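In what follows, a structure is listed as structure tokens, so that the remarks can point back to it.
Residue numbering restarts at 1 for every chain, and letters A, B, ... go by the order of the sequence lines. Keep in mind the model is a prediction, meaning the values are calculated, not measured.
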Amino acid sequence: MTATFEYVLGLADDALISSQRLAEWYAAAPEMEEDVALANIALDQLGAARLLLSYAGELEGAGRDEDALAYLRGDREFRNALLVELPNGDFAVTIAKLLFLSAYQLPLYAALSECGDERLAAIAGKARNETAYHVDHSSLWTIRLGDGTAESHRRMQAAVDELWPYTDELFAADERAPVDPATLRGPWLATVERVLAEATLTRPADAWGPTGGRDGVHTEHLSYLLAEMQVLHRAHPGATW
Amino acid sequence: MGHNCKIDGVEGVQVFRGVVLQVLAWGWCGCNTYLVYGNDFPGPDGGLLGEVEAAEAALRDAAERGLAGAAGRQGADEATLRDYFTAVIEADQKIEPRDWMPEAYRKTLIRQIAQHAHSEIIGMQPEGNWITRAPSLKRKAILLAKVQDEAGHGLYLYAAAETLGVSRDELVQMLLEGRQKYSSIFNYPTLTWADVGAIGWLVDGAAIVNQVPLCRCSYGPYARAMIRICKEESFHQRQGYEILHTLSHGTPAQKAMAQDAIDRWWYPSLAMFGPPDTASTHSEQSMAWKIKRFSNDELRQRFVDMCVQQAEILGLTLPDPDLRWNEQRQAYDYTQPDYDELMRVIKGDGPCNRQRIEHRRRAHREGAWVREAAAAYAAKDRVRQEAAA
Amino acid sequence: MSDVSWPLWEVFVRARRGLSHTHVGSLRAPDAAMALRNARDLYTRRQEGVSIWVVPAAGITASSPDEKDAFFEPAADKVYRHPTFYQVPDGVAHL
């Protein structure tokens, strides 16, 4: 069974927008070694995004390539979850976002790598290995910030509390999905709860969570992110770079 | 050939890449550099990487030869140690971290390596400025990887400096307090996307001309770091050239953008080689110690000679009406950069000095709680492990 | 706020199976786990290795250059430790 354009676009946009946010950290990480690490993860997400966007373009069959999809859609046409478009905040927020996202992408890509769509399965298989490293990196940092100083504990807990509601959307029912998102919450919770416990952080209670990203109804932040990302490309219609 | 190829077809792209490769290699072999500068010779495949590999081979050869005599017995007097140090350098062997070395040699190296490391770290900013706005996803990926390399190269160099008995913290502190410099070129702004191309072609090009001889520097850790850096950087200049080639063969607006970037970056790039030989204070001793192998003016000439033909293939004009081939010197005559401006920018009054250093300070300041947290966790974890043992 | 500095780690990389680990440089990291990750990002970005060691720089004891003679000269006259010391008759293969 072949995946749908809209579904693959959701996967691609999660990776693309996450990469764009991580790339904003260039030359500003808490230590220079971390500049290298964040760039690595941004490159992994960007690599996955490009493969997925190209595939989405083929599924659509309207002649749009990765750049047409990345640069010439408005915010209402983006299908990423709200979590990834939220501003970077401090390093704790960035790490919490990465932990929540990668702990979701890991079981997702693992499941997709065995799905009936061969193209998608191959892309997911490659991305899965990279994502395992993202989980590892964000876990190590969550634990160090949570169980570090009083200030880092306070910041890390605040980040987890702030972002927790946005994780609901990742597991919302989606009839287009070859893998039922609800089945991913178990493995996601297992990873996240283990890391939070080791980090001496409190797991927030489940309550209402904002959604809309998969249908193109975003936060106010996405339009600004796209304005920056697309400004040059849109200023020169039809140009080659 | 380079003017005619179209970038839209797959075949065109391959042809185009071939041209770029050929042009950049020509830049290195075509001006008979090995005749002009006797002790540098092209490696097996010529070109930049050839020179780096030749330096690496020379490093191994020197290690094989060994040196008669001892490093200095216990209690050897300073004159004996100094003689040994001089003999090692004269034999083109490497000085290693725990060897005796004159204090001035150590200080010169620390200053130079630190300045080099700071330049890599500050140099992330002008190009990084365009990562979020890169005009295609491919360009975004390449630029991210390049800026990441610069962070990595800064770290290799800080590691080399640390072998001289100075800590990275001290060096970073000196950068933040303005007590150590970085390359003045990074105090110029990147105003358009074409500036990313110009930095790759001209700034990285000038840096490579400077750095390839450093692969033969007499201090082992620095020479080894430079070999690694030069190998990794071989793609940096090519990506810049490719950006400019695409722009100059694109729409009129793109071509104008490329020419404007060359107009702004040409003279600051020439100034990267430092003041003219007549005014350079550190050169002579550094050359005797084989920390530096060629004079500022020699390297600047070499750079100009290699750029002229590359600019022709781009179809862009170097902004120097007096640039012309001198048959007698077998080199190009060119207009010198404004050295007063260079001194002004070095002293702190360039367009972006304050912005660049404030950015670094802010990153350092805002990262303090994270560094402290990680150190606190490590301390707690040690206690836990000892208790468990 | 007083700044803390992370300890220095020396990095050794095994480039391929069959080779020993070789010193490639150093880095700063708060602990061994982070040092290993940083080493992976910093020194194997271009697939330069299959295995990494990180060692606290403070844990390395080095020979002093002053002891060079005492340490290494005794080996210099033991040429019989090197295979080139031995003459192999013509025609002997695989030795």
So, the side chain of B:Arg371 versus the backbone of A:Glu31: is there a donor-acceptor pair under 3.5 Å, distance only?
no
At a 4.5 Å cut-off on heavy atoms, which part of A:Ala49 comes close to chain B: side chain, backbone, both, or neither?
neither
Heavy-atom distance under 4.5 Å to chain B: side chain of A:Leu140, backbone, both or neither?
neither
Could you check whether A:Asp67 pairs with B:Arg139 (Lys NZ or Arg NE/NH1/NH2 to Asp/Glu carboxylate O, under 4.0 Å)?
no
B:Leu155, part contacting chain A, at a heavy-atom distance under 4.5 Å
side chain
Any side-chain heavy-atom pair from B:Gln148 and A:Tyr26 closer than 4.5 angstrom?
no
Answer whether the closest heavy-atom distance between the side chains of A:Met229 and B:Arg133 falls below 4.5 Å.
no
Tell me, side chain or backbone of B:Asn129 under 4.5 Å from chain A's heavy atoms, or both, or neither?
both
Given that the side chain runs from C-beta out, which part of A:Gln230 has a heavy atom under 4.5 Å from chain B: side chain, backbone, both or neither?
neither
Heavy-atom distances under 4.5 Å only: say whether A:Val36 touches chain B with side chain, backbone, both or neither.
both
Heavy-atom pairs under 4.5 Å with chain A: which of B:Arg360, B:Arg168, B:Glu366, B:Arg362 has the most?
B:Arg168
Atom group of A:Arg234 that falls short of 4.5 Å from chain B, counting heavy atoms
neither
Minimum heavy-atom separation for A:Thr149 and B:Ala373, please, with both atom names.
CG2-CA, 3.9 Å
Examine whether an atom of A:Phe91 lies under 4.5 Å from a heavy atom of chain B, and if so say whether it belongs to the side chain, the backbone or both; otherwise answer neither.
both
Taking all non-hydrogen atoms of both residues into account, name the closest pair between B:Thr246 and A:Trp241 and its distance.
CG2-C, 3.5 Å
